[in-house]
Amino acid sequence: MPVIAMTQEMGSLAKDVSLRLAESLGLAVMRHEAIERVADRAQVSTSLIGRLRDGKAGLVERLTTDRRSVALYTAEELFALADRGNVVLRGWGATCLLRPVPHVVCVRITRSFKKRVEWLMGHLGTDDVEFAEAELRRSDQAHASRMNDQFGVTWGDPVLYDLVLNTDRVSVESCVEQICLLASRPEFAETAESRAMLANMALEARVRAALKEHAATRDINITINARQGQVALRGIVLDTEERSQTEDVAAAVAGVHSVDNQLRLMTSSRLFASSKQT
């Protein structure tokens, strides 16, 4: 059940590679319906999400949009799709989110800036080189900023990927062939352990999203660890009511069999710290 995570770099031909790859291996792709679900749950428009991704959102939009919610709901969608298998996921931080899973192949498709400018000019039907260069730089900056803010990584760092392909020199067909070859290698074979890891990560994402959606728990920041349906909650909450509500929300998530509530109360934590100093 191959899972391919790819980058989204404007003008790199990554979209062409992903579509041809999906056709070649019979894979699904992340459809617009998934993006609409993210927008609906975050209570924003799909066009706003697009502007945020491309670095075109205005100052007011950037300040008023709960980007943490967008990130959480996007992660939940990505993990759900990856957990089903047989899918190629392009952009949305998929390469960073899914990289810990051994059977997920993480690929960067790139191209020289000059070729990307030429592609964008042809795509837009314009001969304005400065405009095309500015659009690409805006897009690249938005990607770099989002990857750094969300994952603490440098966008484009080759260590983040299993395979980097330059479409200046490698055709779309050859890119597909190389990715298919890598996905078939023993290193990327799905195992019971890697399958369980992905399922656990998907469940953790569902619990985080559920806590964000619930009015009483949307602002808490805790650690969530899932293992075969058992979810452990660790961190500090305000009071016993918030502790209980957090456990109740987590327990109601599909796939959760039991909750190990290790949450500590803020007042108890302060008392513990005071006793240590004494």
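Each residue takes its place number in the sequence, starting with 1.
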Fill in: Other residues, nucleotides, ligands: >12 heavy atoms within 6.0 Å of Glu130 CD
no
Kindly say whether Asp83 contributes a backbone atom to a donor-acceptor pair with the side chain of Arg195 at under 3.5 angstrom?
-> yes
Contacts of His257 meeting ring-ring contact (aromatic ring centres under 6.0 Å, His included) (sequence neighbours excluded), chain-then-number -> none
Those residues at least two apart in sequence (or on a different chain) that pass side chain to side chain donor-acceptor pair (under 3.5 Å) with Asp168 are Ser112
Rounded to the nearest 0.5 Å, the CZ atom of Arg208 sits from the CG atom of Leu203 at a distance of 10.0 Å
| query | Between Glu173 and Arg20, does at least one N-O distance fall below 4.0 Å, as a salt bridge requires? | reply | yes
Value for CZ (Phe79) from CG (Leu198), rounded to nearest 0.5 Å, stands at 7.5 Å
For Thr7, the side chain to side chain contact (heavy atoms under 4.5 Å, CB included) test, sequence neighbours excluded, returns Thr95, Arg108, Tyr161
Sorted by chain and number, sequence neighbours left out, salt bridge (charged side-chain N to carboxylate O under 4.0 Å, His left out) with Glu177 holds for none
Distance col, row Glu9:CD vs Ile109:CD1, nearest 0.5 angstrom, shows 9.5 Å
- Query: Under the 3.5 angstrom rule, does the side chain of Arg111 hit a backbone N or O of Asn166 as a donor-acceptor pair?
  - Reply: no
Test side-chain contact (heavy atoms from CB on, under 4.5 Å), reference Leu211, set Val253, Thr217, Asn221, Asp219, output is Thr217
With clusters defined by side-chain heavy atoms of hydrophobic residues (ILVMFWY) lying less than 4.5 Å apart, directly or transitively, does Leu72 cluster with Val249?
no
- Donor-acceptor contact present, side-chain Asp157 to main-chain Leu160, <3.5 Å: no
*asked:* Assigning hydrophobic clusters by single linkage (Ile, Leu, Val, Met, Phe, Trp, Tyr; side-chain heavy-atom cutoff under 4.5 Å), is Val170 placed with Ile179?
replied: no
- request: Return yes if some donor-acceptor pair links the side-chain N/O of Gln141 with the main-chain N/O of Arg137 below 3.5 Å, else return no.
  value: no
**Message:** Grouping I, L, V, M, F, W and Y whenever their side-chain heavy atoms are under 4.5 Å apart, do Trp92 and Val3 come out in a common cluster?
**Reply:** yes
Worksheet item: Does CZ belonging to Arg234 count more than 12 external heavy atoms closer than 6.0 Å?
Response: yes
* **More than 12 heavy atoms of other groups within 6.0 Å of Phe113 CZ** => yes
Hits for salt bridge (charged side-chain N to carboxylate O under 4.0 Å, His left out) against Glu213, two or more places apart or cross-chain, chain-then-number order -> Arg41
To the nearest 0.5 Å, atom CD of Glu76 lies from atom CG of Leu97 at 12.5 Å
Sorted by chain and number, sequence neighbours left out, side chain to side chain donor-acceptor pair (under 3.5 Å) with Thr223 holds for none
Query raised in the report: Going hydrophobic residue to hydrophobic residue with side-chain gaps under 4.5 angstrom, can you get from Leu265 over to Ile222?
Result: yes
Determine yes or no for a side-chain-to-main-chain donor-acceptor pair under 3.5 angstrom, with His143 supplying the side chain and Ser139 the backbone.
yes
Output for pair (Thr167 OG1, Trp119 CH2), nearest 0.5 Å, gives 11.0 Å
Here the gap from Thr126 atom OG1 to Met121 atom CE, rounded to the nearest 0.5 Å, amounts to 6.0 Å
Is Arg116 salt-bridged to Asp140, going by a charged N under 4.0 Å from an acidic O?
yes
Go through it in stages, so that I can follow the logic: the residues are Glu77 and Arg37, the test is salt bridge (Lys or Arg N to Asp or Glu O under 4.0 Å), and I'd like the CA-CA distance, side-chain angles, deciding distance and then a yes or no.
CA-CA 9 Å; Glu77 289 288 339; Arg37 285 195 294 272; 3.0 Å; yes
